[in-house]
K.L.:
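Handing you a structure now.
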Amino acid sequence: MLEIKNLHVKLQDEDKVILKGVNLSVGAGQVHAIMGPNGSGKSTLSYVLSGREGYEVTAGSATLLGQDLLALDPEERAAAGLFLAFQYPVEIPGVGNMVFLRTALNAQRKARGEPEVSAGDFLKLVREKAKTLKIDAEMLKRPVNVGFSGGEKKRNEILQMAVLEPRMCILDETDSGLDVDAMKLVADGVNSLRDAGRSFLVITHYQRLLDHIAPDVVHIMADGRIIRSGGPELALEVEKNGYADLLAEVL
Amino acid sequence: MQAARASAAARLADMGLPGRRDEYWRWTNPAPLLAEAVPEAEAFRVDTPIFSDLPKVRLVFTDGVYDAAASDDPKLAGVEVARLADAPEWAAGFYGSLEASGQSPVRRPFAALNTARASDGVMLRVTGKAARPLHISYRQSSNTSEAILHHCVMLEDGAELTLLETGTAAARANLVLEVEVGAGARFHHIRPQGRSYGHRLVSAIFARVGAGALFKSFTLSMNGRLTRNEAMIEIVGDNAVAHIAGAALGDGADGEFHHDDTVFVTHGAEGGESRQVFKKVLRHGATGIFQGKILVRPGAQKTDGYQISQALMLDDLCQFLAKPELEIYADDVKCSHGSTTGAIDETALFYLRSRGVPREEAVALLVLSFLADAIDEIDDAAIAAEILARLQEWLARHRG
C-alpha cells in the first residue's frame with residue numbers, strides 16, 4: 001500500500017534536516033503506529049506524505065499503490081486515496097460542513113473520472129455514515145469545525161474519512177486534546193472503517209490510543225529515523241519505561 | 001419639489017465640487033465622476049437576472065429612465081408607489097431633507113448634485129407590512145449612458161419593507177436613497193450592484209431610524225471600475241437598530257477595481273445598536289477603501305456600536321486603506337472597531353486541498369468563508385441563498 005524508502009526531508013527555508021532516511025512499508029489492511037518523542041519528525045512525515053508546503057525532499061521516495069506521491073499536488077494525493085486526519089482540524093467559518101464534504105467528494109471523483117454524486121444521494125450517504133459514527137445531524141449543518149469541541153472536530157475528521165473512503169489513512173496525533181470518552185468514540189469510528197483494502201498509519205505520543213486501535217506493527221521514531229519496529233508489545237514497553245531506554249540503545 | 005432642488009443647487013454651489021484635498025476624497029479620485037464626457041463602460045449581460053424566482057414587484061430603469069413596459073404593475077399592498085415626476089405631497093416635502101441634514105459635519109457634494117439634478121426615481125410610502133419586496137432593477141444598454149436617480153422611502157410607524165436594488169444603472173451613475181424609518185418600523189435593503197467592469201458609481205444612502213426601528217442594508221459589489229458607496233445613518237429614536245454591510249470583490253485587469261465604502265453612523269438616542277461589516281476581496285492591483293465613523297452624541301447612553309473592515313488580498317499588488325473613527329460624547333457606551341488585511345490562510349488552504357479540493361476551488365471556498373460575516377447580515381434566508389449562489393457561480397466562472 002504505502003512504501004517509504006530512505007526519505008530525507010529538510011525545511012524549505014532553513015537548513016534544518018528533519019527526516020534522515022525513513023523506511024516504512026505498510027501493507028493493505030494493516031494498522032501501523034508511529035510513536036516517538038517530541039521533535040522526532042512524526043508530524044513532518046505526515047505533512048510530507050500529504051503534500052504540505054514548506055518541506056523539501058532531498059532524497060528517497062514515497063509511493064501509494066505504486067504511484068509516486070511526492071510528484072503529486074495535495075488534492076491529487078487525496079484523489080489517489082490518501083487521507084490525513086489533522087492534529088488540529090481547521091475551522092472554516094461560512095462554509096457548511098455538507099458543502100465542504102460534497103465539494104471534496106465530487107472533486108476526488110472527478111479527478112478519478114467517476115461521475116459526481118447528486119445532492120440527494122450525497123445527503124443520504126452522509127446521513128448513513130453519520131449515524132454509524134454516532135454523529136449528530138446538527139453538526140453537519142454547521143460551518144466546518146466552527147464551534148466544535150475538540151472531540152467533535154476529531155469525529156468530523158473520521159466522518160470525512162468515512163465519506164471519502166480513502167485507501168491510506170494517516171492519523172496525526174488524533175488523541176491529542178481528547179478525554180478518554182472522546183478518544184474511545186474516535187477509536188470506535190476508526191475501527192469501523194478498518195477493512196482489508198484500507199490501511200492506517202497512527203501517529204501518537206501515547207500508548208493509550210493503541211489500547212483502542214490495535215496496531216499490527218509499532219515503530220519508534222527518533223531524530224528523523226525509525227529506530228525500532230515491533231509488535232504491539234513495543235508500545236507497552238514505551239508506556240512503561242519511556243523513550244529514554246530505547247534512545248540509549250541506538251545512540 | 002422645485003424648492004428642494006433649488007436649495008440643493010445652492011448647497012452645492014456653496015460647498016463646491018470635491019477634490020483630492022478634501023479629507024474624505026484623499027484615496028478616491030473624484031475626477032472620473034465629474035468629467036464632462038462619460039467614460040465608456042461596456043454593459044454586462046446577465047443570463048438570468050438575480051431574484052428572478054422571488055415574488056416581488058419590479059420597477060425597471062434602463063439607462064436611468066423608468067421603463068414601464070419592462071416593469072410590473074406598480075401596485076403593492078401596504079405601499080404607495082410614485083415616480084419622482086409625479087411626487088405626492090409627502091415626497092415633495094421629504095425629498096432632499098435627509099440629504100440636506102446629512103451634509104454636516106462632512107459635506108457630500110455628489111448627493112447635493114443628485115438632489116438638484118435627479119432625472120427620475122421612486123417615491124415609496126410604506127403604510128403597513130409590504131406584501132412582497134419592492135425591486136428596483138437597473139439595466140444599462142448604452143456604453144456611455146449616465147443616470148442620476150433619487151429614491152425616497154418613508155416607512156410609517158410599524159411599517160415593513162424589503163427593498164431590492166440590483167444591477168448597473170448606467171456607465172456612470174449617481175444614486176441617492178433617502179429612508180425615514182418610523183418608530184417600530186423595519187426596513188431591509190439588499191443591493192447587488194452591477195457586474196460590468198467599466199462602470200463608475202457614486203451612491204449615497206441617508207437614513208433616519210426611529211424608536212425601536214430596524215434598518216439593515218447589505219451591498220454586494222462585483223466589479224466596477226470605480227465605486228464610492230456612502231451611507232449616512234442616524235439613530236434618532238431610543239432602542240433602534242442600524243446595520244450596514246458590504247461585500248466587494250473584483251477580478252478585472254490590473255487596477256480596474258477601486259471600491260470605496262464611506263460610512264457615517266450617528267447615535268442620537270439611547271440604547272441604539274449599530275453594526276458596520278465591510279469585506280473586500282482584492283486582486284490584480286485593486287484598491288479597497290473603508291472610511292467608517294461612529295459618532296455618539298451627548299446623551300446617547302447605552303449605545304452599542306461596532307465596526308469591522310477587512311480585506312483579503314489574493315496577490316501582493318493590491319492596497320487596502322482604512323480609516324476607522326470613533327467620536328464619543330456619552331460615558332456609558334460600548335463601541336469597538338477593527339480592521340484587518342491578510343492573505344489566504346495557507347493552513348486552511350492545505351486542509352481543503354488535502355481533502356481533494358483543487359487549489360482554485362479551495363481559494364473560492366475561502367473567499368466565501370471570508371465574506372460570510374457580511375452575508376450573514378441578510379436576514380431573509382431565500383435572499384441570502386440567492387446572493388450566495390451568485391457569488392459561487394461568479395467564483396466558479398472566474399476560476400483558472
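Keep in mind that this is a model prediction, so the values were computed, not measured. Letters go in sequence order (proteins before strands), and every chain restarts at 1.
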K.L.:
Tell me if the CZ atom of Arg112(A) is crowded by more than 12 foreign heavy atoms within 6.0 Å.
P.N.:
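For Arg112(A), atom CZ is crowded (more than 12 foreign heavy atoms under 6.0 Å).
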K.L.:
Under 4.5 Å heavy-atom distance to chain B, tell me which part of Pro143(A) shows up: side chain, backbone, both or neither.
P.N.:
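When you check distances to chain B, no heavy atom of Pro143(A) falls under 4.5 Å.
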K.L.:
May I ask you to name which of Leu101(A), Asp73(A), Val90(A) has the most heavy-atom pairs under 4.5 Å with chain B?
P.N.:
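The option with the most such pairs is Val90(A).
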K.L.:
Decide yes or no for Thr347(B) and Arg52(A): does some side-chain heavy atom of the first lie under 4.5 Å from some side-chain heavy atom of the second?
P.N.:
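With C-beta onward as the side chain, the pair touches.
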K.L.:
Give a yes or no answer on whether the side chain of Ser369(B) reaches the backbone of Pro93(A) with a donor-acceptor pair at less than 3.5 Å.
P.N.:
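Judged by distance alone, yes, a pair lies under 3.5 Å.
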K.L.:
Which answer fits Glu53(A), side chain, backbone, both or neither, if we ask what part of it has an atom under 4.5 Å from a heavy atom of chain B?
P.N.:
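Contact with chain B involves the side chain of Glu53(A) alone.
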K.L.:
Quickly, which of Thr103(A), Val144(A), Ile92(A) forms a side chain to side chain contact (heavy atoms under 4.5 Å, CB included) with Leu365(B)? Name it, please.
P.N.:
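When Thr103(A), Val144(A), Ile92(A) are each tested with Leu365(B), the side chain to side chain contact (heavy atoms under 4.5 Å, CB included) holds only for Thr103(A).
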K.L.:
In terms of heavy-atom pairs under 4.5 Å, which option from Lys110(A), Glu76(A), Gln160(A) contacts chain B the most?
P.N.:
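Answer, by heavy-atom pair count under 4.5 Å with chain B: Gln160(A).
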K.L.:
Just checking Glu56(A): does its CD atom have more than 12 heavy atoms from other residues, nucleotides or ligands closer to it than 6.0 angstrom?
P.N.:
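Correct, the count exceeds 12.
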K.L.:
Relative to chain A, which segment of Leu366(B) carries a heavy atom at a distance below 4.5 Å: side chain, backbone, both, or neither?
P.N.:
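Contact with chain A involves the side chain of Leu366(B) alone.
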K.L.:
Identify the heavy atoms of Gly51(A) and Phe350(B) that sit nearest to each other, and give their distance.
P.N.:
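Closest pair (atom of Gly51(A), atom of Phe350(B), distance): C-CE1, 3.7 Å.
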K.L.:
With sequence neighbours excluded, tell me which residues meet salt bridge (charged side-chain N to carboxylate O under 4.0 Å, His left out) with Glu165(A).
P.N.:
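Counting only residues at least two positions away or on another chain, Glu165(A) forms a salt bridge (charged side-chain N to carboxylate O under 4.0 Å, His left out) with Lys129(A).
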K.L.:
Sort out for me which residue in Arg353(B), Arg359(B), Arg355(B) forms a side chain to side chain donor-acceptor pair (under 3.5 Å) with Glu75(A).
P.N.:
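Of the listed options, the one satisfying the test is Arg353(B).
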K.L.:
Please work out whether the ring planes of Phe86(A) and Tyr351(B) are parallel, tilted or perpendicular, with thresholds of 30° and 60°.
P.N.:
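Plane angle over 60°, so perpendicular.
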K.L.:
Can you give me the closest heavy-atom contact between Ser354(B) and Ala78(A), atom names plus distance?
P.N.:
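Shortest heavy-atom contact: O-CB, 3.4 Å.
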K.L.:
Measure distances from Leu164(A) to the heavy atoms of chain B and classify the residue's part below 4.5 Å as side chain, backbone, both or neither.
P.N.:
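For Leu164(A), side-chain heavy atoms alone lie under 4.5 Å from chain B.
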